[in-house]
There are 2 protein chains.
Amino acid sequence: MPTISDVARKAGVSTATVSRALNGKSSVDPVLVSRVRIAAEELGYHPNALARNLRRQETAVLALIISDVENPFFTSIARGVEDVAQTAGYSVVLCNSDENADKERRYIDVALQERVAGVILSPTGLSSGIERLRQRGTPVVAVDRPLAGHGTDQVLVDTRLAAREATEHLIAAGYRRIGCVTGPSGIRTADDRLAGYRDALSAAGLAPRRERRAAYRAAGGREAARKLLDAPHPPDALLVANSAMAIGVLEELAAAKLRPGRDVGVVAFDDVPWASLIDPPQTVVAQPAYEIGAEAARLLLARIADPARPPEARTLAARLVERGSSRRAPV
Amino acid sequence: MPTISDVARKAGVSTATVSRALNGKSSVDPVLVSRVRIAAEELGYHPNALARNLRRQETAVLALIISDVENPFFTSIARGVEDVAQTAGYSVVLCNSDENADKERRYIDVALQERVAGVILSPTGLSSGIERLRQRGTPVVAVDRPLAGHGTDQVLVDTRLAAREATEHLIAAGYRRIGCVTGPSGIRTADDRLAGYRDALSAAGLAPRRERRAAYRAAGGREAARKLLDAPHPPDALLVANSAMAIGVLEELAAAKLRPGRDVGVVAFDDVPWASLIDPPQTVVAQPAYEIGAEAARLLLARIADPARPPEARTLAARLVERGSSRRAPV
DNA sequence: TTGTACGCGTTATCAA
DNA sequence: TTGATAACGCGTACAA
């Protein structure tokens, strides 16, 4: 592990000159520059980022804290963030909070301790850790879910409206006993999608509601669907708030010999790659995940560059993609 | 951004005592400990990991460099790594090399500069960057694909054998014109799966081979499938080397009105969550992705603890999961 | 243009 | 048990 002074010694110059030569800041004699370059190369010298950042009081790394690495929605966001960050010379550290407030707090602590330049996160809940970021002045951008208290940059989707439109689409298709499978209370997207569902039902004068909450995972969807189907007046259609849950729901429907688009209408959030592959193809609410990530990264970089700029909240629109699962078979 | 000396001043002790109190190393007067704790809390003190690591000459972060964040196989690996690392007090930095040697090299550089404690990676190709890690003495574990030159810890899958068995399964089902859709030349898994396919064909005395390489993505699968299907004697079954490619292949088959398990047999690598959801359910080669990650993390931690221990290469087995897509309809 | 010397925030050594 | 102090490796005033 050669240091800058090893290089200096080998090149016959001072450490200051090595630093300047390698960073191309101040003007250095071209002859010395190449001597330094060669020495560094021969020694296999890699500048110590720890020391450099300690000295510079800044890091070129962004932390992205998402709630589920296995959810394609979030990995698409990650790609968006990465592409933008990359071109600006930043690295991205991906952290998986696993929809767990404790893990989220731990990762925020790590981000704080590592002195990352900024944080992008999809808040798990009320998110206590966030205040410490604010207090330390670390730039933060919330994605997918809003952060309580204003003054935060955010990139969200009008998910309540999207849920309402999806439900209205089911109503328009002729379904009348529409149910909703959503995530845990407290997770904003889960609450908003449920609210949108209720909006549509109320507007259409439909009752009663058939609602079920469960974990944002396949097992949760399976469980919720089973309970809904076992109830006295089971739903004839389902709005599912998350693609992982949709897997469980579809499994449960198959087990009950209920075919989507014929026996029961189904619309699920997120246009995953396999949505058009299943039979029948799945009607989905497509969220612009990649763009959310890219936009969040842009916002974060802008704030790092100018901490005083007014906070921005961008809301992107989702798009209903109609496929076979929400059709209603002729009676 | 309060420092350790702010805390020391406020608690009326030396910085050394603060350090000791907060790290619980040496024995400190309990009274002082609580005074320090309170002072730190009130100040909102977060130790500067940069300074700490610079001093300690070590970091508690692992870098995981994978070739595709959007591939469920790799995100499962990530979870395995994370779970093991977490319990050992390490954080995991996830990097997406995107099957791109340049990006891989850049991330290896970052890992080197940030002085991470160790690296787990799925090598993109010949991987030149790796030597610099070795040379610097940074522990490395290869996953999914081997690293040229011995002396590296590795966690692999006997993917050639798995491909052979999958092909034999198709043969046993009655298919005779079996084709193979695999990834780019140079990516070891792509090469090995192709080799396994050839093994089976040779052993059964079947010819000619119907092979096609393309990018490990849906578009690649689509393109490969189309070319194979357009050929003079199109295949009656397909072995697909990757789940992303499988999406493209299935789309292409649907477009050609070819139904898996009836018109054409299909086996694909990786038991993705939706494999049993499509119609017919997809026969897959299930790789123990989570376990690969967990094992790699264990190996890495062991090497960090003891750099002198002999390198280990673990090979895990894949499992063929028979479902509908590889059945052969009665003639 | 180059070199000397200090400080970034910690932890570890050594005395007290 | 505690405190003063020297590193860790780098960037950058300041002086030459």
Side-chain angles (χ1 to χ4, degrees), chain A residues 1-37 39-40 43-61 109-117 136-138, chain B residues 1-37 39-40 43-61 89 109-110 112-117 136-138:
Chain A
M1 41 171 193
T3 75
I4 195 171
S5 24
D6 296 323
V7 178
R9 199 166 11 243
K10 179 144 192 163
V13 297
S14 74
T15 60
T17 300
V18 174
S19 174
R20 286 189 283 245
L22 258 28
N23 294 312
K25 288 293 177 192
S26 176
S27 53
V28 188
D29 185 334
V31 180
L32 292 189
V33 172
S34 70
R35 246 172 45 207
V36 168
R37 282 249 161 73
L43 256 35
Y45 169 70
H46 286 276
N48 185 329
L50 268 43
R52 163 181 293 171
N53 296 333
L54 176 60
R55 171 65 230 233
R56 284 193 183 154
Q57 300 282 59
E58 65 178 25
T59 1
V61 7
D109 271 1
V110 172
L112 234 24
Q113 294 178 181
E114 299 284 345
R115 302 293 196 265
V116 300
R136 249 266 323 169
T138 303
Chain B
M1 41 173 194
T3 75
I4 196 171
S5 24
D6 296 323
V7 179
R9 198 165 13 239
K10 180 145 191 162
V13 297
S14 74
T15 59
T17 300
V18 174
S19 175
R20 285 189 284 245
L22 260 28
N23 293 314
K25 289 293 177 190
S26 176
S27 54
V28 188
D29 186 335
V31 181
L32 290 190
V33 172
S34 70
R35 244 169 52 203
V36 167
R37 281 250 162 73
L43 256 34
Y45 169 71
H46 286 275
N48 186 328
L50 269 43
R52 163 180 295 169
N53 297 334
L54 175 58
R55 174 62 230 230
R56 283 193 183 155
Q57 300 281 60
E58 65 179 23
T59 353
V61 6
D109 271 359
V110 171
L112 234 23
Q113 295 177 180
E114 300 284 344
R115 301 295 196 263
V116 299
R136 248 266 321 169
T138 303

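Throughout, a chain's letter reflects where its sequence line sits, starting with A, and its residues are numbered from 1. Only heavy atoms go into these numbers, but all of them, side chains included; no hydrogens, no water, no symmetry mates.
- For Arg55(A), the side chain to side chain contact (heavy atoms under 4.5 Å, CB included) test picks out no residue, with sequence neighbours left out.
- Taking the side chain to side chain contact (heavy atoms under 4.5 Å, CB included) definition, one finds that Ala60(A) meets it with Tyr90(A), sequence neighbours left out.
- With contacts defined as side-chain heavy-atom distances shorter than 4.5 Å, the pair Lys10(A)/Leu43(A) qualifies.
- Applying the side-chain hydrogen bond (donor to acceptor under 3.5 Å, both in side chains) rule to Arg136(B) yields no partners; only residues at least two apart in sequence or on another chain are considered.
- Every residue meeting the side chain to side chain contact (heavy atoms under 4.5 Å, CB included) condition with Val28(A), not counting sequence neighbours, appears here in chain and number order: Thr17(A), Arg20(A), Leu32(A), Val33(A).
- For Arg52(B), the side chain to side chain contact (heavy atoms under 4.5 Å, CB included) partners are Asn23(B), Pro47(B), Arg56(B), not counting sequence neighbours.
- Interface limits on DNA chain C: the 5'-most and 3'-most nucleotides within less than 4.0 Å of chain A heavy atoms are dT1(C) to dG9(C).
- For Thr3(A), the side-chain hydrogen bond (donor to acceptor under 3.5 Å, both in side chains) partners at least two apart in sequence or on another chain are Ser5(A).
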With sugar-phosphate taken as primed atoms, P, OP1 and OP2 and all else as base, the protein-contact string of nucleotides 1-11 of chain D at under 4.0 Å (heavy atoms; B, S, -) is SBBB-BBBBBB

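- Not a single side-chain hydrogen bond (donor to acceptor under 3.5 Å, both in side chains) links Asn48(B) to another residue, sequence neighbours left out.
- Within the structure, salt bridge (charged side-chain N to carboxylate O under 4.0 Å, His left out) contacts touching residues 22-37 of chain A (residues at least two apart or in different chains) do not occur.
- Side-chain atoms of Glu114(B) and Asn53(A), non-hydrogen and from C-beta on, do get closer than 4.5 Å to each other.
- Where the helix from dT1(C)-dA16(D) to dA16(C)-dT1(D) starts and where it ends, the local axes point in directions that differ by 40°; five pairs per end, rounded to 10°.
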